[in-house]
J.: 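The structure's right below; bear with me while I get my questions together.
Worth knowing before you read on, the calculation uses all heavy atoms, side chains too, and leaves out hydrogens, waters and symmetry mates.
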Amino acid sequence: MQKRPVQAGRPAGATTFDAELAQAFGAAVRALRSGQGMAQEALAHRAGIERSHMGKIERGEHIPSLPLIFKIAAALECGATDLMAATEAQLGSAAA
């Protein structure tokens, strides 16, 4: 019996992108960053990513991976739980 090769990536047609969640997370990041008077470029540098990638995250065009969420939280000098709480608050205000 032959083993099938493992293919990287998701199956065709599968999607994990949730626009509402991505926008809420981005708005939370932007609010925390702006509240600290930090430039987007400075946050991106602290998190170890490109400024353009941070812009996509803040605009809700990209949902970051779990390790990147922790890096962004550290760069904002807050916990990942604080970042998630801010995201939940954004989701709540979007639903209202």
Side-chain angles (χ1 to χ4, degrees):
M1 179 189 226
Q2 285 185 332
K3 285 188 174 183
R4 291 185 357 191
V6 176
Q7 294 180 352
R10 294 184 293 241
T15 180
T16 59
F17 187 78
D18 182 337
E20 183 180 9
L21 182 59
Q23 290 171 354
F25 182 80
V29 170
R30 180 176 287 138
L32 289 168
R33 175 183 60 77
S34 297
Q36 295 180 15
M38 188 184 311
Q40 189 180 74
E41 188 169 357
L43 176 59
H45 178 72
R46 284 180 166 187
I49 62 173
E50 295 291 325
R51 190 218 43 88
S52 60
H53 190 188
M54 184 59 70
K56 288 178 183 179
I57 291 170
E58 286 191 4
R59 288 190 303 273
E61 296 172 3
H62 180 157
I63 296 179
S65 64
L66 185 59
L68 186 51
I69 289 172
F70 275 86
K71 287 179 182 179
I72 292 170
L76 289 168
E77 297 178 349
C78 70
T81 54
D82 299 325
L83 189 51
M84 291 299 107
T87 301
E88 286 183 332
Q90 289 291 332
L91 282 170
S93 66

J.: Just verifying a value: how many Å separate Glu88 CD and Ser93 OG, rounded to the nearest 0.5 Å?
T.: 12.0 Å
J.: Working to the nearest 0.5 angstrom, can you tell me the gap between Lys71 NZ and Ser65 OG?
T.: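 Taking NZ in Lys71 and OG in Ser65, the distance rounds to 7.5 Å.
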J.: Please round to the nearest 0.5 Å and tell me the distance separating atom CD of Gln23 and atom CG of Asp18.
T.: 9.5 Å
J.: Quick check on Glu61: does its CD atom have over 12 non-hydrogen neighbours (other residues, nucleotides or ligands) under 6.0 Å away?
T.: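 Yes, CD of Glu61 has more than 12 neighbouring heavy atoms, counting only those of other groups under 6.0 Å.
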J.: How close do Ala86 and Leu32 get, heavy atom to heavy atom, and via which atoms?
T.: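 It is CB-CD1, 4.3 Å.
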J.: Set out, in order, the CA-CA distance, both residues' side-chain angles and the distance that settles side chain to side chain contact (heavy atoms under 4.5 Å, CB included) for Gln36 and Leu43, then state yes or no.
T.: CA-CA 10 Å; Gln36 295 180 15; Leu43 176 59; over 6 Å; no
J.: With a 6.0 Å cut-off (strictly less than), is the heavy-atom count around CD of Glu50, excluding the residue itself, greater than 12?
T.: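 Atom CD in Glu50 is not crowded, with 12 or fewer foreign heavy atoms closer than 6.0 Å.
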J.: Identify the heavy atoms of Ala44 and Arg51 that sit nearest to each other, and give their distance.
T.: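 Taking every non-hydrogen atom into account, CB-CA, 3.7 Å.
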J.: Hey, are the side chains of Met54 and Arg33 touching, using non-hydrogen atoms and a 4.5 Å cut-off?
T.: no
J.: Consider only side-chain heavy atoms of I, L, V, M, F, W and Y, link residues closer than 4.5 Å, and tell whether Ile49 and Met38 are in one cluster.
T.: yes
J.: Run the side chain to side chain contact (heavy atoms under 4.5 Å, CB included) check on Phe25 and Glu58 step by step: do they pass?
T.: CA-CA 7 Å; Phe25 182 80; Glu58 286 191 4; over 6 Å; no
J.: Quick check: does any side chain N or O of Ser34 sit under 3.5 Å from a backbone N or O of Ala31, one acting as donor and the other as acceptor?
T.: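 Not at all, since once roles are kept as given, no pair shorter than 3.5 Å links the two residues.
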J.: Phe70 and side-chain contact (heavy atoms from CB on, under 4.5 Å): which single residue from Ile72, Leu68, Leu66 fits?
T.: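 Only one of Ile72, Leu68, Leu66 forms a side-chain contact (heavy atoms from CB on, under 4.5 Å) with Phe70, namely Leu66.
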J.: For the CZ atom of Arg30 and the CD1 atom of Ile57, what is their distance to the nearest 0.5 Å?
T.: 11.5 Å
J.: If two hydrophobic side chains count as joined below 4.5 Å and joins carry through other members, does Val29 share a cluster with Met84?
T.: yes
